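Just so we're on the same page: letters track the sequence lines, and every chain starts at 1. The shown structure was predicted, so the numbers you read here are calculated from the model rather than taken from an experiment.
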Amino acid sequence: MSFSKIILQWYSGHKRTLPWRGSRDPYKIWLSEIILQQTRVAQGTPYYLKFVEHFPTVTDLAMASEAQVLKLWQGLGYYSRARNLHATAKKVAFDLGGKFPSTYEELMKLKGVGDYTASAIASICFDEPQPVVDGNVYRVLARYFGIDKPINDSKGSTYFKRLAREIMDVENIRDYNQGIMEFGAIQCAPQNPYCLHCPLNQSCVALQKNVVKELPVKLKKTKVRHRYFNYLVPITKNENGANSTLLRQRKSKGIWQNLWEFPLLESEGDIDLSQIKARIPEVLPLHGNSEVELFNESPIVHKLSHQHLYTKFWIVQSNTDLTGAIPFDALEEYAVPVLLADFIKTYKI
DNA sequence: AAGCCGGGGAG
DNA sequence: CTCCCAGGCTT
């Protein structure tokens, strides 16, 4: 039996039931694919369910504010996905009459939709024979065909895309694409694949050469940048006597764009109370009496894929009337990074 | 072509 | 700890 037929047969017996699986609604498939970019199914599924509940159609999503979308996206990471999701929803709802493009070529023009996602939507919703090549497919192809080309340079990705196109099942592209991804996720797993019990083990080149563990080949790892964040957490009473604080929206490029955070002092290294006091005026217009206290003695290390954030939270009690102060209870309305959400949860206890 | 962009789970 | 996840965008 051919490679694709084995994949199809395996898929028919092993596919998981997932909330979006079975649907041909391009809105739901698009939504699930954006959520699942670089994200495990287990992590993304609750977000998919939330989004579908809040926004049953692309027009519902388009009519929401970006703030609402980011808030629902909070904790999932790669926040440009949420911004692009909202921009594309508006385009589809308001410029394209609520109707998604139905071809790979047109889908590729949407923000946040690249080769993989366009192929997935085109094949799953419209039966267009476009092969998907995601992390799972790279792994399955690299092992089965014994290819040691790096998967993450331009030549490698072109090579694998061409190979994927040659072996795809054009007549069953919808199930085949989902099948090879599912096969990679469950059977041909990154670590400790159970090759003894694999339906492809008679013809898998990597297994025959005993190099399953070495494939796929991936170039270099990202260098980690170390940063020192000092969040100033203003505490003041507002006119109603409620404890209030201050948030700023990150507008610059870089991490967490358009999310909210406390006034931030970034430093070259770990700094102490006197250095903090000297720099407070850079971000907080305090007058009158104030008192600064360190919340966490040792920095909280928040790890992103390529940045380690050594973070201290400084509580700044003040009788200054801060313009734009937010009642502490209203913090939950704002989309904040997990680093801040964890602090807020701890501090409120 | 290389760098940037999150957070979490598995081993 | 390391690896990597239904990738895409920017420079």
Provide, to the nearest angstrom, the distance between the [atom1] atom belonging to [X] and the [atom2] atom belonging to [N].
X      : N      : atom1 : atom2 : result
A:N84  : C:dT10 : CG    : P     : 7 Å
A:E214 : C:dC4  : CD    : C1'   : 17 Å
A:W73  : B:dG8  : CH2   : P     : 14 Å
A:I186 : C:dC4  : CD1   : C1'   : 16 Å
A:K220 : C:dT2  : NZ    : P     : 18 Å
A:Q191 : C:dC5  : CD    : P     : 9 Å
A:N152 : B:dG3  : CG    : P     : 11 Å
A:N192 : C:dC3  : CG    : P     : 15 Å

Going by the angle between their ring planes, with limits at 30° and 60°, are [X] and [Y] parallel, tilted or perpendicular?
X      : Y      : value
A:Y347 : A:F328 : tilted
A:H14  : A:W10  : parallel
A:F313 : A:F262 : perpendicular

Scan [X] against the nucleic acid and name what it touches under 4.0 Å (heavy atoms): base, sugar-phosphate only, or nothing.
X      : value
A:T117 : sugar-phosphate
A:D115 : sugar-phosphate
A:L219 : nothing
A:W20  : base

Please tell me if the side chains of A:Q187 and A:H197 come closer than 4.5 Å, counting only heavy atoms from C-beta onward.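 In short, these two side chains touch, coming nearer than 4.5 Å.
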Heavy-atom side-chain proximity of A:S203 to A:F3 below 4.5 angstrom: no
Roughly how far, to the nearest 0.5 Å, is CG of A:L141 from CZ of A:R139?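 CG of A:L141 is found 10.5 Å from CZ of A:R139.
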Take A:E53 and A:K50 through the test salt bridge (Lys or Arg N to Asp or Glu O under 4.0 Å) and record every step on the way to the result. CA-CA 5 Å; A:E53 185 182 343; A:K50 280 197 300 184; over 6 Å; no
Of A:M108 and A:R139, the one whose closest DNA chain C nucleotide lies more 5':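 On the 5' side of the pair lies A:R139.
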Applying the ring pair (Phe, Tyr, Trp, His ring centres under 6.0 Å) test to A:W73, which of A:Y47, A:F51, A:Y48 qualifies?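 Filter result, single survivor: A:F51.
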Do we see a donor-acceptor contact under 3.5 Å between the side chains of A:D175 and A:N172? no
When you compare B:dC5 with C:dA6, how far apart are their P atoms, in angstrom units rounded to a whole number?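 Rounded to whole Å, the distance is 23 Å.
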Distance between the P atoms of C:dC9 and B:dG8, in whole angstroms?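 The same atom, P, in both gives a distance of 24 Å.
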Quick check on the hydrophobic clustering: are A:I7 and A:L207 connected, directly or via other members, by side-chain heavy-atom contacts under 4.5 Å? no
Listed in order of residue number, which residues of residues 130-138 of chain A have a non-hydrogen atom at under 4.0 Å from DNA chain C? A:D134, A:G135, A:N136
Strictly under 3.5 Å: I want the nitrogen or oxygen pairs between protein and nucleotides 5-7 of chain B, one per line.
unit_1	atom_1	unit_2	atom_2	d
B:dC5	OP1	A:I255	N	3.4
B:dC5	OP2	A:H306	NE2	2.6
B:dC5	OP2	A:Q307	NE2	2.9
B:dC5	N3	A:Y78	OH	3.4
B:dG6	OP1	A:Y79	N	3.1
B:dG6	OP2	A:W256	N	2.7
B:dG6	O4'	A:Y78	N	2.9
B:dG6	N7	A:Y78	OH	3.3
B:dG6	N7	A:S305	OG	2.6
B:dG6	O6	A:Y78	OH	3.0
B:dG6	N1	A:Q38	O	3.1
B:dG6	N2	A:Q38	O	3.4
B:dG6	N2	A:T39	OG1	3.2
B:dG6	N2	A:L76	O	3.3
B:dG7	OP1	A:Y79	OH	3.0
B:dG7	OP1	A:V338	N	3.3
B:dG7	OP2	A:W256	NE1	3.4
B:dG7	OP2	A:H302	NE2	2.8
B:dG7	N2	A:Q43	OE1	3.2

